[in-house]
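Take a look at the structure set out below.
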2 protein chains.
Amino acid sequence: MYFVKVYVTYKDSVLDPQGEAVKNAVHRLGYETVEDIRIGKYFEIQVSAEASAVEETIEGICDKLLANVNMETYRYEIEQLEGI
Amino acid sequence: MYFVKVYVTYKDSVLDPQGEAVKNAVHRLGYETVEDIRIGKYFEIQVSAEASAVEETIEGICDKLLANVNMETYRYEIEQLEGI
């Protein structure tokens, strides 16, 4: 069993209006030292495939479902769960 | 300048219906080896505070704005940006 953490973020060239709105809210709370906030998505995925198939599975899911590859980029970390 | 990555996730005891829906969609795409998906939020925050104030700033923002501490938990990683 593998435990995969996937991070989906906007590409740097894409504006993030939601992050901008959160930054403004943070400033109104008094945290003026916050210079920038960008918001992404985070997924924790458990996969029971063989080691060789995990990457292919994750990249397939990201490309087809979790990320809009025109505007977003993703990265992932694979951990093996012990004893399962 | 510090670069902080914040991960907000549901507590384990809280159901994640959005994750369940995504898991069903992933199965319909043919990725039957995916056992579980949980969805969280991911924030990339740049802070220009002194080192001693960064943790306090981040925890304040998370507690007040980014996470609903009744249902969600958060963790964060602080990196120092070089040369800024």
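In what follows, every chain begins at residue 1, and chains take the letters A, B, ... in the order their sequences are listed.
A heavy-atom distance below 4.5 Å is not found between the side chains of B:Ile45 and A:Asp36.
Residue-environment remark: CD (B:Glu50) stays at or below the threshold of 12 foreign heavy atoms within 6.0 Å. Heavy atoms from other residues, nucleotides or ligands lying under 6.0 Å from CD of B:Glu55 number 12 at most. By the neighbour-count criterion of 12 heavy atoms within 6.0 Å, atom CD of B:Glu32 is densely surrounded, having more than that number from other residues, nucleotides or ligands. Under a cut-off of 6.0 angstrom, the local environment of CD in A:Glu56 is sparse, with at most 12 non-hydrogen atoms contributed by other residues, nucleotides or ligands. Atom CD of A:Glu59 sits in a crowded spot, with more than 12 heavy atoms from other residues, nucleotides or ligands closer than 6.0 Å.
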Would B:Glu35 and A:Met1 satisfy side-chain contact (heavy atoms from CB on, under 4.5 Å), going step by step from the backbone distance to the final call?
CA-CA 9 Å; B:Glu35 301 286 337; A:Met1 184 85 89; 3.9 Å; yes
Please step through side-chain contact (heavy atoms from CB on, under 4.5 Å) for the pair B:Lys64 and A:Tyr31, ending with a clear verdict.
CA-CA 11 Å; B:Lys64 291 178 189 161; A:Tyr31 298 101; 3.0 Å; yes
side-chain contact (heavy atoms from CB on, under 4.5 Å) between A:Leu65 and B:Val22, worked out:
CA-CA 9 Å; A:Leu65 194 70; B:Val22 170; 4.0 Å; yes
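Only the side chain of A:Leu66 comes within less than 4.5 Å of a heavy atom in chain B; its backbone stays farther off. The parts of B:Phe43 that come within reach of chain A are both its backbone and its side chain, each placing non-hydrogen atoms under 4.5 angstrom from that chain. Interface residue A:Lys5: only side-chain heavy atoms are found under 4.5 Å from chain B. For A:Leu29, the part lying under 4.5 angstrom from a heavy atom of chain B is the side chain only. For a residue to count as touching a neighbouring chain, one of its non-hydrogen atoms must lie under 4.5 Å from one of that chain's; by this rule A:Val54 does not touch chain B. Looking at A:Tyr7, only its side chain comes within 4.5 Å of chain B, counting heavy atoms on both sides.
Follow the hydrophobic side-chain contacts under 4.5 Å out from A:Val8 and you never reach B:Tyr74; the two are in separate clusters. A:Phe3 and A:Ile61 are members of different hydrophobic clusters when ILVMFWY side chains are connected at heavy-atom separations under 4.5 Å.
Taking chain B as the reference chain and counting heavy-atom pairs below 4.5 Å, the highest number among A:Val26, A:Val6, A:Ile58 is found for A:Val26.
Atoms CD and CD1, from B:Glu44 and A:Ile37 in turn, are 11.0 Å apart once rounded to the nearest 0.5 Å.
Of the possible polar contacts, none joining the A:Thr33 side chain to the B:Val47 backbone as a donor-acceptor pair under 3.5 Å is found.
The minimum heavy-atom distance linking B:Tyr42 with A:Arg75 is given by the pair OH-NH2, 3.0 Å.
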